[in-house]
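What's counted below: heavy atoms across the whole structure, side chains too, no hydrogens, waters or symmetry copies. Here is the naming used below: chain letters follow the sequence lines, and residue numbers restart at 1 for every chain.
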Number of protein chains: 2
Amino acid sequence: MNRQIHGRPYQVTEQGPLFTPCAPHSVLARLGDKWTILVMSHLAIAPGYRLRFSALKKGIEGITQRMLTRTLRNLERDGLVIRHYFPEVPPRVEYELSEMGASMLPALESFTSWIRNNWPQIEENRRIFNKAQPIDSE
Amino acid sequence: MNRQIHGRPYQVTEQGPLFTPCAPHSVLARLGDKWTILVMSHLAIAPGYRLRFSALKKGIEGITQRMLTRTLRNLERDGLVIRHYFPEVPPRVEYELSEMGASMLPALESFTSWIRNNWPQIEENRRIFNKAQPIDSE
DNA sequence: CAGGATCCCAACTGATACTG
DNA sequence: CAGTATCAGTTGGGATCCTG
């Protein structure tokens with residue numbers, strides 16, 4: 001019998017439910033990488049959900065040209081961001097949240113809202129855990 | 001001036017908003033790793049949000065003992081999962097979603113719901129993108 | 001049964017230099 | 001300006017073997 005939770009199908013077997021790796025992970029893995037959420041957030045508050053490359057680079061502290069390019073390529077590849085190239089001299093490139101990218105914002109906000117509310121406790125838990133287990137401290 | 005989006009504070013400067021890396025990433029990074037969502041999902045549908053180590057291992061296809069242990073330690077460290085150790089022979093260990101862990105489920109579900117709805121389009125976008133740019137295909 | 005210790009490889013990330 | 005190319009360091013993940 002096939003059921004789903006968290007967008008993840010699982011088989012109900014005699015030994016219990018059996019999960020197999022699937023779609024949601026490959027999206028969460030993208031959002032979980034170092035810069036993606038920062039880029040998404042920055043576009044989310046931009047007029048028209050749109051910014052040029054240099055504006056993103058200036059607005060995100062510590063990101064390198066290479067990592068910004070890679071992050072944007074990944075988002076473009078998934079169709080969350082649209083790349084607008086203007087063949088001028090010097091060149092100008094703007095990045096815009098796609099309709100699908102913008103449609104993710106409410107769900108993302110509800111989730112990050114949970115994180116915001118629970119972050120102090122998580123931080124405290126980590127501190128306590130690290131004190132008890134001085135190995136593997138971050 | 002300080003504002004927030006997606007749980008992420010940013011400075012409104014004369015050159016525009018400036019984001020700095022912070023809390024939400026370290027939570028999303030955890031959920032984005034290879035096995036965490038699978039473990040959370042499995043506990044979410046278990047009676048009492050509780051399962052023993054061997055049950056988790058059997059239910060998650062392909063996970064190794066080492067990675068299951070590491071994933072559970074990380075969740076325990078954040079306080080999302082509680083470890084119950086029974087000093088029997090042979091030993092028995094059960095893992096249970098904490099109150100905070102369970103409180104995450106609705107938000108997580110709303111987000112994975114978005115993924116579920118949009119996954120077909122994302123998959124299609126990746127396929128098209130890879131055809132246009134045969135390099136860097138996954 | 002649950003997990004610790006080791007070794008190894010692949011992927012992510014960063015720094016730097018170069019280019020249309 | 002907006003990239004690409006290259007190299008190096010670090011981390012994630014898997015395979016295997018060992019133990020209370």
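In this structure, the CG atom of Leu68(B) is 17 Å from the P atom of dG12(D), given to the nearest Å. If you measure from atom NZ of Lys57(B) to atom P of dC1(C), you get 11 Å, rounded to the nearest angstrom. Remark: C1' of dC1(D) and NE2 of His84(A) are 17 Å apart, rounded to the nearest angstrom. For Arg83(A) and dC1(D), the CZ to C1' distance is 12 Å, given to the nearest whole Å. If you take CD1 of Ile60(B) and C1' of dA2(C), they are 15 Å apart, rounded to a whole angstrom. Distance CG (Asp33(B)) to C1' (dG13(D)): 10 Å, rounded to an integer number of Å. Rounded to whole Å, atom P of dG3(C) lies 12 Å from atom CD of Glu94(B). Atom CZ in Arg70(A) sits roughly 6 Å away from atom P in dC12(C) (whole-Å rounding).
Of the two residues contacting DNA chain C, namely Leu72(B) and Gly32(A), the nearest-nucleotide position lying further toward the 5' end is that of Leu72(B).
A sub-4.0 Å separation between OP1 or OP2 of dA2(C) and a side-chain N or O of Arg52(B) is present. Side-chain N/O atoms of Arg73(B) include none lying less than 4.0 angstrom from OP1 or OP2 on dA2(C). Contact annotation: Tyr95(A) side-chain N/O to dC1(D) OP1/OP2 distance is not under 4.0 Å. Using a 4.0 Å cut-off, no side-chain N or O of Thr69(A) falls inside it from OP1 or OP2 of dA2(D).
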Notebook entry, point to check: Are Ile115(B) and Ile122(B) close enough, and set up right, to give a side-chain contact (heavy atoms from CB on, under 4.5 Å), and what steps lead you there?
Noted result: CA-CA 9 Å; Ile115(B) 297 178; Ile122(B) 291 178; 5.8 Å; no
Check: Run the side-chain contact (heavy atoms from CB on, under 4.5 Å) check on Thr69(A) and Phe53(A) step by step: do they pass?
Finding: CA-CA 9 Å; Thr69(A) 300; Phe53(A) 185 89; 3.6 Å; yes
Next item on the list: Applying side-chain contact (heavy atoms from CB on, under 4.5 Å), run through Leu31(B) and Phe111(A) and close with a yes or a no.
Entry: CA-CA 12 Å; Leu31(B) 293 169; Phe111(A) 188 67; 3.1 Å; yes
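Residues Val27(A) and Asn118(B) fail the side-chain proximity criterion, which asks for heavy atoms closer than 4.5 Å.
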Please tabulate, for the side chains in residues 96-106 of chain B, all donor-acceptor contacts under 3.5 angstrom to protein atoms that are two or more places apart in sequence or on a different chain.
residue, atom, partner, partner atom, Å
Glu96(B), OE1, His84(B), NE2, 2.6
Ser98(B), OG, Gly79(B), O, 2.6
Ser98(B), OG, Leu80(B), O, 3.2
Ser98(B), OG, Met100(B), N, 3.3
Ser98(B), OG, Gly101(B), N, 2.9
Ser103(B), OG, Trp114(A), NE1, 3.0
Ser103(B), OG, Met100(B), O, 2.7

Margin query: Across nucleotides 14-20 of chain C, 5' to 3', mark each nucleotide with B, S or - according to how protein heavy atoms within less than 4.0 Å reach it.
Written below: BB----B
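Note that the CD atom of Glu94(B) and the CG atom of Leu43(B) stand 11.0 Å from one another [nearest 0.5 Å].
Using a 4.0 Å cut-off between a side-chain N of Lys or Arg and a carboxylate O of Asp or Glu, Glu124(B) and Arg127(B) qualify as a salt bridge.
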